[in-house]
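Worksheet: one structure, shown below.
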Amino acid sequence: MTFSPDLGTDAQLFGHDATPGIVSVHADHRGRAWVWRRVGESLTLERDTFRPWLFAADLRDLEHLGSRLAWNDDSAEFAVRSLRGGEGRLRYLLTARDGQALRQEVLRGASKRSGRRVTGLRDLPGYHGVQPVEGYLMASGRTYFKGLEFDGPVRLQFDLETTGLDPATSRIFMIAVRDNRGFEAVLEARRANEEAALVEGLMRVLRERDPDIIENHNIHGFDLPFLQGRAERLGVTLNFSRPGAPPGLWRVLDGGRDAHWACAGREIVDTIDAVRRLNLPSAGLKAVSQLFGLAPEGRVYLEGAKIAQTYVSQPALVRRYALQDVQEVEALARRVLAPSFALARMAPRPYHRLPYAGTAMGMLEPMLVRAYLRAAHALPGPQPPGEAHQGGAVTLFAEGVLRRVVKADVASMYPSLIRHGRIGPVSDTLGVFLHLMDHLTRLRLEHKAAARRGDPGEHDAMQNAMKLVVNSGYGYLGAGRMSVFGDVQAANRVTTRGRETLRLVTDGLADRGVTLIEADTDGVYFSVPEGWSEEDERRVIREVDALLPDGVTLEFDGRWAAMLSHETKNYALLGYDGQLDLRGAAFTSSRGEAYGRAFLRRAVTCLLQGDVPGVRAAFEDALDDVTRGHLRNAEVASRVRLTRSEDEYRQSRPGRQEAVYEALFRAGRAWQAGDRVIVYQRAGAGLCMLDDPDDRDYDARHYGQVLLNGFATRLRKGLTADGYAQVTRQRQPGLFDTPLTDLRTVWQPVPARTDGRARSGSSQAE
DNA sequence: TCAATCCGGGG
DNA sequence: GTGTACGGATTGA
């Protein structure tokens with residue numbers, strides 16, 4: 001097959017209908033579709049119809065319909081057509097004037113056949129259907145946003161300021177709103193009896209500004225549930241929908257996941273869904289904005305719990321804060337939602353579902369099903385229970401302190417192995433999966449090149465979006481019975497080749513005289529001999545790359561002065577610039593007390609610099625500080641999240657007492673489930689609430705032990721047993737101790753396991 | 001070791 | 001009243 005080099009015309013990728021400007025679609029089971037399109041500043045609503053459809057393995061559940069089920073008649077009440085394909089597959093396409101009626105007839109038939117009440121298609125193997133909007137988009141071949149750039153649609157951001165987090169006990173006193181056409185406003189309710197008018201005010205702004213897209217950070221998790229909770233109490237009916245379609249704002253339960261909110265004609269998207277994909281240390285708005293440099297000049301920061309009281313004394317400050325929130329959300333959305341926006345041009349799904357949909361089930365599978373529907377081809381049947389899925393290999397070769405550390409990794413390993421090994425689902429007889437993998441990769445490279453040249457258009461978002469989908473290919477194969485085309489055997493062929501590739505890499509590197517440290521799925525850390533230059537490091541990587549199969553590339557990924565290898569996926573790196581990077585729970589656990597984390601950073605830095613007396617000094621200072629009571633309580637305290645409410649704990653208390661809740665009782669503090677409290681061990685009093693962070697009445701013995709057993713042990717692998725004992729001893733040096741200046745850091749090889757099993761992990765290649 | 005569960009984040 | 005599915009860390013058996 002050959003492809004035209006122009007971007008965006010492949011029907012399997014973009015759908016077979018090029019209608020431009022679609023900004024929102026609403027559809028129902030009766031085959032009615034509302035399609036909002038934007039051309040420049042003018043918006044049109046088109047009413048369309050479609051035949052709701054359902055793939056089926058056989059027709060036995062519809063026998064009771066008799067002649068009401070017509071063959072090949074797309075105007076009949078119920079119709080069926082036979083699909084190309086074969087035995088054991090979903091070889092019939094059922095369609096109906098009313099998709100809901102069709103489902104009910106199937107359920108009626110299935111209930112009669114099985115003798116039990118079947119209430120959902122989910123309990124029934126042998127069918128595949130989707131929700132109305134997806135059904136419309138797949139059947140029509142349309143997608144969102146063709147010919148539109150990110151600011152083509154009207155994007156509006158709003159943010160609530162409330163007196164607390166619970167709508168049962170708190171209220172809304174301010175709403176900041178802005179849009180990308182120059183509108184900005186702060187709505188306020190100075191008194192409680194103005195809150196209903198405030199909510200109405202927000203809906204008036206929505207009507208007047210008429211946005212296509214509504215954005216905020218955690219809008220599904222906070223703003224909309226809170227707004228709904230208040231509206232119910234105030235007797236206000238929420239309507240976010242556009243005129244001409246069903247009114248309202250509704251909660252959508254997606255499987256076991258958190259609820260999301262939707263309306264007709266506007267896309268409600270949450271920046272937090274996109275941010276969570278990025279695996280940043282915090283997904284909070286302020287933290288992420290600072291990280292990305294999006295925070296506006298003169299940003300006001302207010303602690304959540306103090307916003308309402310600040311509003312009383314400094315309303316102007318809170319107004320500024322709230323406006324900066326929506327400005328920040330706008331900038332964040334532009335950055336993190338661009339890939340979803342680009343994907344919406346390809347996948348037959350509404351934009352608002354893409355930021356929280358998984359890339360495999362949420363994007364790849366709909367594209368596959370659309371292609372089969374278009375080709376009138378049968379879908380694969382239910383998967384037989386397959387073999388267990390095997391993950392990538394993780395091997396620790398050496399532990400301790402190693403110098404001159406280099407990381408090499410196989411570029412996009414799993415996608416490369418899939419494409420070059422032609423590994424696709426055996427059930428995908430049309431070859432759509434590999435076509436999508438190939439074509440997405442090719443287009444991605446073109447967009448990447450265009451982005452680098454600075455061509456006009458959102459090429460970077462496009463290449464990012466394509467990367468997401470390509471990288472989900474492996475996960476999709478391994479998704480097993482959940483996915484229509486899942487093929488665990490194929491996924492295992494990918495990981496088997498991955499392990500072989502990693503083995504080629506580690507053997508090739510070891511043959512060239514380096515010391516292997518840790519290999520994980522698609523990358524290797526190793527240490528090079530003294531005297532090697534960076535060019536030598538890159539040369540061995542090139543040499544080993546030449547040993548790999550065509551299309552699989554080993555790349556240089558970084559170099560560091562030293563590494564403390566502690567356990568698989570737990571290590572510390574010291575950069576040539578002196579920067580310390582700690583990885584893995586052993587070093588970064590969030591519960592870790594501040595004094596211990598500070599000690600660990602200082603001690604590990606010294607250790608990696610080969611400065612053992614410095615390690616000792618760090619330990620001595622930390623132990624001294626903690627045992628002599630020099631630290632403030634805040635430095636030894638840790639944050640605990642309360643999972644149970646006061647009532648729940650009172651009930652379970654006779655069975656098992658828990659220190660945190662007992663401390664709350666003693667302190668006479670009320671709490672709710674989900675609250676976070678800061679606690680510490682007080683001398684002679686056990687676990688207590690941290691009342692005064694600056695006080696110094698903590699249990700010094702306890703925290704001395706934590707320093708030794710909880711933190712210092714992370715240094716153990718980098719020292720001899722004798723050296724570790726001396727660095728962490730609690731007495732003065734003895735007569736027979738080796739002088740500290742003579743102590744060296746050490747490393748040792750980790751013996752290969754002889755039980756034939758790799759130290760396995762299941763991390764996925766990028 | 002593996003599966004079930006929790007959690008994020010919002011004022 | 002819908003054929004839908006986050007990802008990582010932690011905990012429990």
Side-chain angles (χ1 to χ4, degrees), chain A residues 27-29 52-56 90 99-100 102-104 106-107 119-135 159-167 169-174 216-227 250 252-258 260 270-288 302-311 318 321-322 325 353 355-362 365-366 369 379 388 475 479-484 584-585 588-591 641 643 673-674 676 757 760-764:
Chain A
D28 68 13
H29 283 291
W53 52 266
L54 194 58
F55 282 90
L90 309 185
Q100 187 70 344
L102 175 64
R103 282 187 155 80
Q104 271 158 9
V106 167
L107 294 176
T119 54
L121 241 41
R122 81 180 71 195
D123 309 324
L124 217 50
Y127 293 92
H128 181 80
V130 298
Q131 294 187 4
V133 177
E134 278 83 356
D159 186 48
L160 306 185
E161 302 304 334
T162 68
T163 57
L165 294 171
D166 181 0
T169 52
S170 308
R171 64 180 182 89
I172 308 166
F173 63 87
M174 184 182 285
N216 195 13
H217 199 68
N218 206 18
I219 188 171
H220 293 301
F222 176 70
D223 295 85
L224 294 177
F226 196 99
L227 193 64
W250 43 85
V252 184
L253 285 166
D254 259 344
R257 294 201 45 194
D258 298 336
H260 278 71
D270 197 331
T271 45
I272 208 170
D273 287 318
V275 166
R276 282 183 178 158
R277 284 247 165 88
L278 305 176
N279 290 325
L280 304 174
S282 161
L285 177 65
K286 277 79 179 173
V288 175
L302 295 175
E303 209 180 296
K306 296 197 174 128
I307 293 172
Q309 67 195 65
T310 307
Y311 179 60
V318 175
Y321 167 84
D325 265 4
R353 298 187 61 153
Y356 69 93
T359 40
M361 298 296 291
E365 177 158 295
V369 172
L379 287 183
R481 57 181 182 74
M482 292 191 294
S483 55
V484 174
T588 59
S589 174
S590 57
R591 266 212 310 264
R641 194 189 160 88
T643 53
R676 271 167 292 211
R757 299 202 320 171
S760 65
S762 55
S763 57
Q764 189 178 326

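Being a predicted model, the structure only gives us computed values, none of them experimental. Just so you know, these numbers use all the heavy atoms, side chains as well, and skip hydrogens, waters and symmetry mates. Per chain, numbering begins at 1; letters A, B, ... match sequence-line order.
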Which whole-number value in Å describes the distance from [X] [atom1] to [N] [atom2]?
X	N	atom1	atom2	value
A/F226	B/dG9	CZ	P	19 Å
A/E134	C/dT4	CD	C1'	10 Å
A/F222	B/dG9	CZ	P	15 Å
A/H128	C/dA5	NE2	P	11 Å
A/D270	C/dC6	CG	C1'	12 Å
A/K306	B/dG11	NZ	P	15 Å
A/R353	C/dT4	CZ	P	6 Å
A/D28	C/dT2	CG	P	16 Å

[X] side-chain N/O to [N] phosphate OP1/OP2 under 4.0 Å:
X	N	result
A/R103	C/dG3	yes
A/Q100	C/dG1	no
A/S282	B/dG8	no

For [X] versus [Y], what's the shortest heavy-atom pair and its separation?
X	Y	answer
A/D166	A/F226	C-CE1, 3.7 Å
A/E365	A/V484	OE1-N, 2.8 Å
A/R276	A/A283	CG-CB, 4.3 Å
A/P355	A/D270	CB-O, 4.4 Å
A/G284	A/H217	C-NE2, 3.7 Å

Base of C/dG1 paired with side chain of A/H29 (donor-acceptor, under 3.5 Å):
yes
Parallel, tilted or perpendicular: which describes the rings of A/H220 and A/Y356, with under 30° parallel and over 60° perpendicular?
perpendicular
Between A/N279 and A/V130, which has a closest nucleotide on DNA chain C that is more 5'?
A/V130
Say we look at C/dG8 and B/dG11: how far apart would their C1' atoms be, to the nearest angstrom?
26 Å
What interatomic distance, in whole Å, is found between C1' of B/dA4 and the corresponding atom of C/dA5?
16 Å
Which of the following nucleotides, B/dG11, C/dT4, B/dG8, is nearest to the side chain of A/R276?
B/dG8
If you check every side-chain atom of A/Q131, which of C/dT4, B/dG9, B/dG11 has the closest atom?
C/dT4
Would you indicate what [X] reaches in the nucleic acid, counting non-hydrogen atoms under 4.0 angstrom: base, sugar-phosphate, or nothing?
X	value
A/D166	nothing
A/L121	base
A/G284	sugar-phosphate
A/I272	sugar-phosphate

